[in-house]
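Below you'll find the structure, written out as structure tokens, and then a few comments.
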Amino acid sequence: MSQTNIRGRGSRITGWATALPDDVVTNHDLAKTMDTDHDWIVERTGIHERRWGKESTHDLSVESGRAAIDRAGLTGDDIDIVVLATTTPDKQCPATASTVQDSLGIAGGAFDVNAACSGFVYGLAVGDGMIATGAENVLVIGTDTLSNITDLEDRGTAILFADGSGSMVLSAQDGPSNIMSWSLGSDGSLERLLYAEHHGGKLQMVGKEVFRAAVGYMVNTSRDAMQKAGVTIDDISLVVPHQANIRIIEAAAKRLNAPMDKVAVCLDRTGNTSSASVPLAFGDAEADGRIQPGELILMTGFGAGMSSASAVVRWDP
Ligand code: COA
């Protein structure tokens, strides 16, 4: 399913921010408790360190959400809706977005979206739709605390998954949306490749098959989103992929004909933070001056489901 915004009322990213737990866990730390080593992890994944924190999904969401609202020059009163993309809500219910809404003093509504590692791009598409139908400002947050659903002694998954958060404020503008297009996918027949059961279940993964499927999904939804936006890869200044594995990112970039100097990468420092990884990688690239007003961004993700999501965004904060 994909879409271009055809209404007269669009959205613009006016605020953005990220948050990470304080506690850094390096590959060398992991090698003390499991049969692995730094070089193996770097060669297979590109990850050097990650954060596993005591902070909850609520805590990280409030930190990045508050900073994004500040950056937009707004207050909680101005936000109509909180959309929190997460696979690791703090409780079965209520939605973690509700407790975030309260902590940020937001008057409007709040709900969670679970599309695993594609969640943030799904959240942007949802937020853009809410703006198109009347909201003034929507806070889209992507937060995951995957250390809570990872067996931290399983070398097959513990080396990959981590905690983090990133937020963006979407604000209404007249005319076309700066979320120029999106392409969202799901193939539930592949559920067995990556899942965690309720009641304390930890992530189970068939790594090689996830790898293969991931590249195809990122490429397909990216091409679809670019086609819907009427652009090609040459028009894109920054590709912001889900930060799962550097080899997945390189393989997808190659098939999209995107040179790696156009690609945002932060997984060496963050690991795979699921819903947080696209805004974390974006925040990192933006802070480094790698995107300028008027330029186009391709955000692309994939994850458990298997879900997939891409969006073309005009950067004009
Ligand atoms: N340290 C050292 N050795 C390890 C290891 C670790 N952390 N994890 C596995 N190994 C071993 C395996 O036991 C295996 O040993 P064997 O050959 O003696 O049986 C060997 O390394 C190769 O394992 P394999 O699973 O084939 O490695 P791989 O090249 O597929 O890499 C992943 C494993 C997990 C890094 C890789 O499959 C991957 O990244 N997949 C995608 C996962 C992903 O992105 N998930 C999130 C999606 S949102």
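Just follow the structure's listing: the first ligand is 1, and inside any ligand the first atom is 1. All figures in this text were calculated on a predicted structure; none of them were measured in a lab. Residue indices begin at 1 and follow the sequence shown.
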Cut-off 3.5 Å, no hydrogens considered: what does the side-chain donor-acceptor table look like for residues 115-123, sequence neighbours left out?
{"unit_1": "S118", "atom_1": "OG", "unit_2": "S307", "atom_2": "O", "d": "3.2"}
{"unit_1": "S118", "atom_1": "OG", "unit_2": "S307", "atom_2": "OG", "d": "2.8"}
{"unit_1": "S118", "atom_1": "OG", "unit_2": "S308", "atom_2": "N", "d": "3.3"}
{"unit_1": "Y122", "atom_1": "OH", "unit_2": "G185", "atom_2": "O", "d": "2.9"}

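The environment of CG in D288 is crowded: more than 12 heavy-atom neighbours from other residues, nucleotides or ligands sit within 6.0 Å.
Of the N and O atoms on the side chains of T221 and S183, not one donor lies less than 3.5 Å from an acceptor on the other residue.
When each of N27, N272, D29 is checked for a side-chain hydrogen bond (donor to acceptor under 3.5 Å, both in side chains) with R50, only N27 meets the rule.
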Open item on the list: For a side chain to side chain contact (heavy atoms under 4.5 Å, CB included) check, start with the C-alpha distance between D163 and D144, then their side-chain angles and the critical distance, and finish with the verdict.
Closed with: CA-CA 5 Å; D163 306 347; D144 268 302; over 6 Å; no

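L74 is not connected to I131 by any chain of hydrophobic side-chain contacts under 4.5 Å among Ile, Leu, Val, Met, Phe, Trp and Tyr, and they are in different clusters.
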For ligand 1, which of its N or O atoms have a protein N or O partner closer than 3.5 Å, and how long is each gap?
{"unit_1": "ligand 1", "atom_1": "1 (N)", "unit_2": "T36", "atom_2": "OG1", "d": "2.6"}
{"unit_1": "ligand 1", "atom_1": "3 (N)", "unit_2": "R155", "atom_2": "NH1", "d": "3.3"}
{"unit_1": "ligand 1", "atom_1": "7 (N)", "unit_2": "T36", "atom_2": "OG1", "d": "3.1"}
{"unit_1": "ligand 1", "atom_1": "7 (N)", "unit_2": "R155", "atom_2": "O", "d": "3.1"}
{"unit_1": "ligand 1", "atom_1": "13 (O)", "unit_2": "R155", "atom_2": "NH2", "d": "2.8"}
{"unit_1": "ligand 1", "atom_1": "26 (O)", "unit_2": "K208", "atom_2": "NZ", "d": "2.8"}
{"unit_1": "ligand 1", "atom_1": "27 (O)", "unit_2": "R44", "atom_2": "NH1", "d": "3.2"}
{"unit_1": "ligand 1", "atom_1": "29 (O)", "unit_2": "R44", "atom_2": "NH1", "d": "2.6"}
{"unit_1": "ligand 1", "atom_1": "30 (O)", "unit_2": "K208", "atom_2": "NZ", "d": "3.2"}
{"unit_1": "ligand 1", "atom_1": "39 (O)", "unit_2": "N245", "atom_2": "ND2", "d": "2.7"}
{"unit_1": "ligand 1", "atom_1": "40 (N)", "unit_2": "G207", "atom_2": "O", "d": "3.0"}

